[in-house]
Amino acid sequence: MHARSILTGGLCAILLTACTQTSIDTRHAIKRGQVIYAKECSQCHGVNGEGAGPESLGIGVAPPDLTGLSARNDGAFPREFVRRFVMGLLEKDDPDAAMPEFAQVGLRHVYPDGGADGEVLEADFTDLLDYLEAIQK
Ligand code: HEC
């Protein structure tokens, strides 16, 4: 009996630790994604992703509200679409649209001194996608 309750207690503690660790990692990823977003995207897509950033005024196609990506996709966050669009792998409605192709330009505001060799690191991009998913309405 006693051994069993120790075992159960131990198992609970392990599970609890695992869960807490996961949510800390997720929160960390979202926070880091938010920093990347603020530096690379907010000037066009707005501080909160709702569009109308200061640079959006002078460009032909308005930068879409990024908090409505899931709503516009039957409630599911279109992670793969966002990944491909942001990297510049998909055709844009307007070929001259101001949206940079990040696979070409890299995260130049996150790494102003040319760090990461102008490449978008997978870890950075995953954090950015986690952040975008977290701000869906
Ligand atoms: C210089 C302004 C500008 C910046 C910076 C910018 N975007 Fe955009 N973005 C646009 C414009 C304009 C469009 C619309 C393009 C089109 O539809 O042809 C767009 C479209 C998008 C779309 C497609 C949305 C949809 O529903 O079709 C996504 C996703 C997106 N941007 C994400 C991002 C992310 C993430 C970043 C930062 C890493 C970013 N953008 C940076 C201007 C910008």
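The structure displayed is predicted, hence computed values, not measured ones. Both ligands and their constituent atoms are indexed starting at 1 by order of listing.
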With a cut-off of 4.0 Å, which atoms of ligand 1 are near a heavy atom of Gln43? 5 (C)
4.5 Å side-chain heavy-atom contact, Val82 and Phe77: yes
Test item, Phe81 contacting ligand 1 (heavy atom, 4.0 angstrom): yes
Judged by heavy atoms only, the candidate from Leu69, Leu66, Leu129, Val82 nearest atom 28 (C) of ligand 1 is Leu66
Option nearest atom 35 (C) of ligand 1 (shortest heavy-atom distance, choices Cys41, Pro64, Ala62): Cys41
Among the clusters formed by ILVMFWY side chains lying less than 4.5 Å apart, do Tyr37 and Val105 turn up in the same one? yes
Set of residues satisfying salt bridge (charged side-chain N to carboxylate O under 4.0 Å, His left out) with respect to Asp65, sequence neighbours excluded: none
Salt-bridge contact Asp124-Arg32 (side-chain N to carboxylate O under 4.0 Å): yes
Among the heavy atoms of Ile36, does any lie under 4.0 Å from an atom of ligand 1? no
Does Leu128 have a non-hydrogen atom less than 4.0 Å from ligand 1? yes
Check: Arg108 and Lys39 side chains under 4.5 Å, non-hydrogen atoms: no
Proximal atoms of ligand 1 relative to Cys44 (non-hydrogen, under 4.0 Å): 1 (C), 2 (C), 3 (C), 4 (C), 5 (C), 42 (C), 43 (C)
Just distance, no hydrogens or angles: give the donor-acceptor pairs under 3.5 Å from side chains in residues 129-137, sequence neighbours left out.
| unit_1 | atom_1 | unit_2 | atom_2 | d |
| --- | --- | --- | --- | --- |
| Asp130 | OD1 | Arg79 | NH1 | 3.2 |
| Asp130 | OD1 | Arg79 | NH2 | 2.9 |
| Glu133 | OE1 | Arg79 | NH1 | 3.0 |
| Gln136 | OE1 | Leu69 | N | 2.9 |
| Gln136 | OE1 | Ser70 | N | 2.9 |
| Gln136 | NE2 | Leu66 | O | 2.8 |
| Gln136 | NE2 | Leu132 | O | 2.8 |
| Lys137 | NZ | Glu50 | OE2 | 2.5 |

Do side-chain atoms of Glu101 reach the backbone of Leu89 as a donor and acceptor pair under 3.5 angstrom? no
Quick check: His45 and ligand 1, any N/O pair under 3.5 Å apart? yes
Number the atoms of ligand 1 from 1 as they appear, then name those within less than 4.0 Å of a heavy atom of Val86, with their elements. 32 (C), 33 (C), 34 (C), 35 (C)
Could you list the atoms of ligand 1 found under 4.0 angstrom from a heavy atom of Pro100? 3 (C), 4 (C), 5 (C), 6 (C)
Is there a polar contact, in the sense of an N or O pair closer than 3.5 Å, between Arg72 and ligand 1? yes
Near Leu132, which atoms of ligand 1 are under 4.0 Å from a heavy atom of that residue? 35 (C)
How far does CZ of Phe81 sit from CZ of Arg72, to the nearest 0.5 angstrom? 8.0 Å
